**Q** 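Pasting in a structure now, in C-alpha cells, and then I'll have a few things to ask.
For ligands, and for the atoms within them, numbers begin at 1 and follow the listed sequence. Residue numbers count from 1 along this sequence. Side-chain atoms are counted along with the backbone in the values below, which use heavy atoms only and exclude waters and symmetry mates. Everything numeric here is computed off the predicted structure, so don't read it as measured data.
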Amino acid sequence: MSADISLNSFSSYNQTIAALSADLKKLREYSERLRLNGNMDAIDAVLKKLTEDSFNIAVIGEFKRGKSTLINALLGNDVLPMDVLPTTATLNRITYSARPFVQIKFKDGRQEEVGIGLLRDYVTKLTRTAEETAKTVEEAIVHYPVDYCKNNVDIIDTPGLNDEVAMTEVAMSVLSKVDAALMVIMAQSPFSESERAFLESKMITNTLGRIMFVVTGVDLLDEEDVDRVLNSIEARIEEHVMIKAAKVYGEGSAELDTYMRKIGKVRVFGLSAKKAMKAKIAGDREALEKSRFPAFESELERFLVEDRSAVMLGVPVSRIFSASSEVLKAVAIRENALQMRAEEFNEKYNNAMEEIETIRQYRQEEFERVNISAQKAYDGLKPILADYWPEIEAAVSRAIDSYALAKDDLSNKKIKETQECIWRAVKEEVSDVAQTFLERIQNKVQVSLENEMERLEDFQASFFESTSKIQDLFFNLKQPAAVDGTVLGTVINMFSLGIGANAFVGYKKAGAKGALVGGLTGTAHTLAGFAGVGVLLAMFGVTLTAPVMLVAYAGASLFSALRNKAAIREVFHSDSALKFKQNLKDAILKHYAQTKTNNDIAIKVWEHIESEFTSLKDRIQIETENILLDMQNTLLALKNDLTKNTIVTESEKEGLKQMLANTQLIISRAERVNAQLAAMMARG
Ligand SMILES: Nc1nc2c(ncn2[C@@H]2O[C@H](COP(=O)(O)OP(=O)(O)OP(=O)(O)O)[C@@H](O)[C@H]2O)c(=O)[nH]1
Ligand SMILES: [Mg+2]
C-alpha cells in the first residue's frame with residue numbers, strides 16, 4: 001500500500017480496502033495462533049462486510065426524463081433500451097462482467113439467462129408481448145464489460161413513473177437500499193407536479209444527502225439560456241428542500257440549522273446525456289466536453305468514494321486498532337506471565353477472574369441505564385405523539401373543505417368519481433402530514449440514540465481501563481530489567497528508544513480507548529455527522545430500522561382501513577354540497593377513529609425506540625464478551641502451561657517477536673488511513 005493514498009477515485013478506494021483486508025487477515029492469523037476466538041469472530045465479521053462491499057447508484061425520476069440514456073452515457077454504450085415512448089418497465093441492475101449477458105429474475109423465483117440483444121423483449125413496454133413479459137420480471141441483471149462498473153459499482157435503472165404515490169414508493173424503497181441516487185429532471189420541462197411533490201413532501205430529509213440532481217437535455221436549450229435555466233432550477237430545488245426541511249425540523253430551529261449545514265449545497269448538474277453517449281461511442285473528446293458530462297462524472301465518483309469511504313473504511317480501521325490491541329495484550333501477558341512463579345501467577349489469575357466478573361456486573365448495570373434512556377427518549381416524545389391523531393383529523397377536514405366541487409359533481413352520474421377524487425386528495429394530505437410527523441419523530445429518536453452513544457463513552461473508557469488493569473497485573477512496564485531479552489523487553493526498548501513511536505501511539509490509543517461499537521468514540525462521532533448515524537451503525541452491525549420504516553408504516557396503517565370503501569358509500573345521495581362534504585368527512589373520520597384504536601402509533605414508536613436501543617446493547621454485549629472471554633482463555637491456557645512447567649522456546653519467542661513487529665506495522669498503516677479519513681471529513 002502506498003503511503004499517501006488520496007481517497008478520491010474508485011481505484012484508490014479499492015486499493016485501500018485490499019490493503020486493510022490483508023492486514024485484517026494477518027491479525028486473524030495471529031489471533032488464531034494466540035487462541036483469541038472472539039477476536040477472530042470480530043475480524044471475520046468485518047472481512048465479510050468488505051467482500052460484500054459494493055456501490056449502488058439508483059437512477060430515479062418521472063417517465064421519459066432520460067434516465068436510461070443517462071446510464072448509457074455513464075457506461076459509454078447504448079446498453080439499455082431508450083426510446084421516445086415510455087420504455088423501461090422493470091428494475092435493471094447493471095453490474096460488471098467480462099462476458100455480456102442478462103440474467104432475468106422472475107417474480108415467481110425462476111431465473112433465465114438471455115443475450116444482451118434480447119433485453120428489449122424482457123424489460124420494456126415497447127411491444128405488447130414485451131410489456132406482458134416485463135410484468136412477470138422482478139429484476140433484470142445486466143452483466144456488461146463496462147469500466148464504470150469494474151470497481152464494484154452497480155447502477156440501477158428504474159421504471160419511469162408519473163403516478164405520484166407509486167413514484168414515492170419506488171423512490172423510498174430504492175433509496176433505502178442504495179448508496180446514492182440520481183434524480184433526473186428534463187431541462188425543457190422541469191418541475192411537474194409530481195417532481196415538486198417529491199421534493200417538497202415525499203423525499204425523506206435523511207436521505208437527501210445521498211441524492212444528486214441531474215438536469216438532462218440541456219442540448220435542447222438555446223446555448224445562451226443554459227446557465228440561466230440551470231440556476232433557476234437549482235434555486236427551485238433548494239427552495240423545495242428548504243420548505244420540506246422546515247416542516248420537519250421547525251422553522252428557525254437549531255436542528256434546521258444543523259441539518260442545512262450537514263446537507264450543504266444541493267448538488268445539481270446540467271448536461272446532455274444523449275450527446276455524451278454519442279461522443280463516447282464516437283470517441284469524440286471535444287463533443288464529450290461540450291456535453292458537460294465529464295464534470296458530472298468526476299463529481300459523482302468523488303461523491304461516491306468519499307461517502308463510501310467514510311462508512312466502509314472506518315469499520316476495518318477501527319477493527320484493526322481493537323484487534324491489534326488484543327493481540328498485543330495477549331502476547332504481552334503470555335510473555336511476561338511465563339516468567340512468573342506458579343504461586344504468583346495463580347494469585348494474579350484469581351484477581352483477574354474476579355475483576356472480569358466485576359466488569360460483567362458493571363456492564364449489566366450499564367444496560368439498565370440504557371433501558372432508562374430508552375424510556376426517557378420515549379417519554380420525551382409523548383407530548384408530540386399526542387398531536388398525531390388531531391393532526392391527521394385536521395388534515396382530513398382540510399382536504400375535504402378545500403376541495404372545489406363543480407356544479408354537476410354531485411349528479412348521480414358523477415358522484416362516484418367525485419368521491420374518488422376527494423378521497424385521493426384526502427390521502428395526499430394525510431400522507432404528507434403523517435410522513436412529516438413521523439420523520440420529525442424519527443429524527444428525535446436518532447438524536448436520543450446519538451446522545452446515548454455519547455453517554456456510553458464513559459462506560460467504554462472504564463471498560464478498557466479495567467481490562468488494562470488486568471493486563472497490568474501481568475505486565476509491568478516499570479521493570480524493564482526483569483523482562484530484558486524477552487519479546488516484551490524488545491517492545492519496551494523500542495518504545496523507550498522512540499523506535500516505532502507511532503505504533504506505540506496506535507497501541508496506546510487502541511488499548512486505552514478500544515472500540516466497542518466499532519469505535520463509539522472519536523471517529524465514530526465525526527463519521528456520524530458525515531454519513532448519518534443510521535448508516536454508520538448498520539455498517540458496524542448495529543441493525544437499526546431504516547429511517548423510512550416508521551414513515552412507510554404510517555402510510556400502510558392509515559390507508560389499509562380505508563381500502564374498504566363501504567364506509568363512504570352511505571354518503572352517495574346527498575343533496576347539498578355542504579351536507580355531502582360533512583357526510584364524507586364524518587365517514588372518513590369514523591374510519592380513522594377505527595384505525596386509531598387498531599394501530600396505536602405510540603406503540604409503534606415505542607417498539608421502534610426499544611429495538612434501536614436493544615441493538616445498541618446487543619452490539620456492546622458481543623464486543624465486550626469477545627474481549628473478556630479471550631482474556632479468560634489466554635489466562636487459562638497460561639495457567640495450564642505453568643502447571644505443566646512449559647517454557648518459552650526460542651522459536652516461539654522468535655514467532656512472537658515477529659508478530660509484534662508486524663502488528664505494529666499494521667497499526668501504523670491503519671493510522672494513516674484514519675488520518676486521511678479525518679482530513680477528508682474535515683473538508684466534507
Ligand atoms: N436531446 C436530448 N434528448 C435526450 C437526452 N436524454 C434523453 N433524451 C431522449 O429522451 C427520450 C427518453 O429517454 P430515455 O432514456 O428512454 O428516458 P427514460 O427516463 O429512461 O424513459 P422511461 O424508461 O420510459 O421512463 C429519448 O428519446 C432520448 O433520446 C438528452 O440529453 N438530450
Ligand atoms: Mg428508461
**Q** Closer than 2.8 Å to the Mg ion (ligand 2): does that hold for any N, O or S atom in Met82?
**A** no

**Q** Would you say Met82 and ligand 1 have an N/O pair spaced under 3.5 Å apart?
**A** no

**Q** Should Phe293 and Thr216 count as side-chain neighbours, where that means a heavy-atom distance under 4.5 Å?
**A** no

**Q** Just checking Lys278: does its NZ atom have more than 12 heavy atoms from other residues, nucleotides or ligands closer to it than 6.0 angstrom?
**A** no

**Q** Does Leu220 approach ligand 1 within less than 4.0 angstrom via side chain, backbone, both or neither, non-hydrogen atoms only?
**A** side chain

**Q** Within the structure, does Pro81 bring an N/O atom to less than 3.5 angstrom of an N/O atom in ligand 1?
**A** no

**Q** Provide the number and element of each atom of ligand 1 under 4.0 Å from a heavy atom of Phe63.
**A** 25 (O)

**Q** Does either side chain, that of Thr436 or that of Lys244, offer a donor lying less than 3.5 Å from an acceptor on the other one?
**A** no

**Q** Which option out of Lys64, Lys274, Met277 puts a heavy atom nearest to atom 3 (N) of ligand 1?
**A** Lys274

**Q** Check each of Val215, Asp83, Thr69 against atom 12 (C) of ligand 1 and report the one with the nearest heavy atom.
**A** Asp83

**Q** Return yes when atom CD of Glu132 has more than 12 non-hydrogen atoms of other residues, nucleotides or ligands closer than 6.0 Å, and no otherwise.
**A** yes

**Q** At a non-hydrogen distance cut-off of under 4.0 Å, which region of Thr88 contacts ligand 1 (side chain, backbone, both, or neither)?
**A** both

**Q** Considering distance alone, does some N or O of Lys67 sit under 3.5 Å from an N or O of ligand 1?
**A** yes

**Q** Does CD in Glu223 sit with more than 12 non-hydrogen atoms of other residues, nucleotides or ligands closer than 6.0 Å?
**A** no

**Q** Between Arg236 and Glu195, is there a side-chain N and carboxylate O pair less than 4.0 Å apart?
**A** no

**Q** Indicate the ring-plane relationship of Phe55 and Tyr13, choosing parallel, tilted or perpendicular according to the 30° and 60° boundaries.
**A** tilted

**Q** Would one find more than 12 heavy atoms of other residues, nucleotides or ligands at under 6.0 Å from atom NZ of Lys125?
**A** yes

**Q** So if I count the atoms of ligand 1 from 1 in the order they appear, which ones are less than 4.0 Å from some heavy atom of Val84?
**A** 27 (O)

**Q** Should one rank Gln188, Arg65, Met186, Lys275 by closest heavy-atom distance to atom 9 (C) of ligand 1, which comes out on top?
**A** Met186

**Q** Could you list the atoms of ligand 1 found under 4.0 angstrom from a heavy atom of Gly217?
**A** 30 (C), 31 (O), 32 (N)

**Q** Is it the case that Arg292 places NZ or CZ above or below the six-membered ring of Phe296, under 6.0 angstrom from the centre and within 45 degrees of the axis?
**A** no

**Q** Which ligand 1 atoms does Thr216 reach within 4.0 Å, using its non-hydrogen atoms?
**A** 31 (O)

**Q** Which heavy atom of Ala140 sits nearest a heavy atom of Val102, and at what distance?
**A** CB-CG1, 4.3 Å

**Q** Is it the case that ligand 1 has an N or O less than 3.5 angstrom from some N or O of Thr158?
**A** no

**Q** Can an N, O or S atom be found in Thr69 less than 2.8 Å away from the Mg ion (ligand 2)?
**A** no

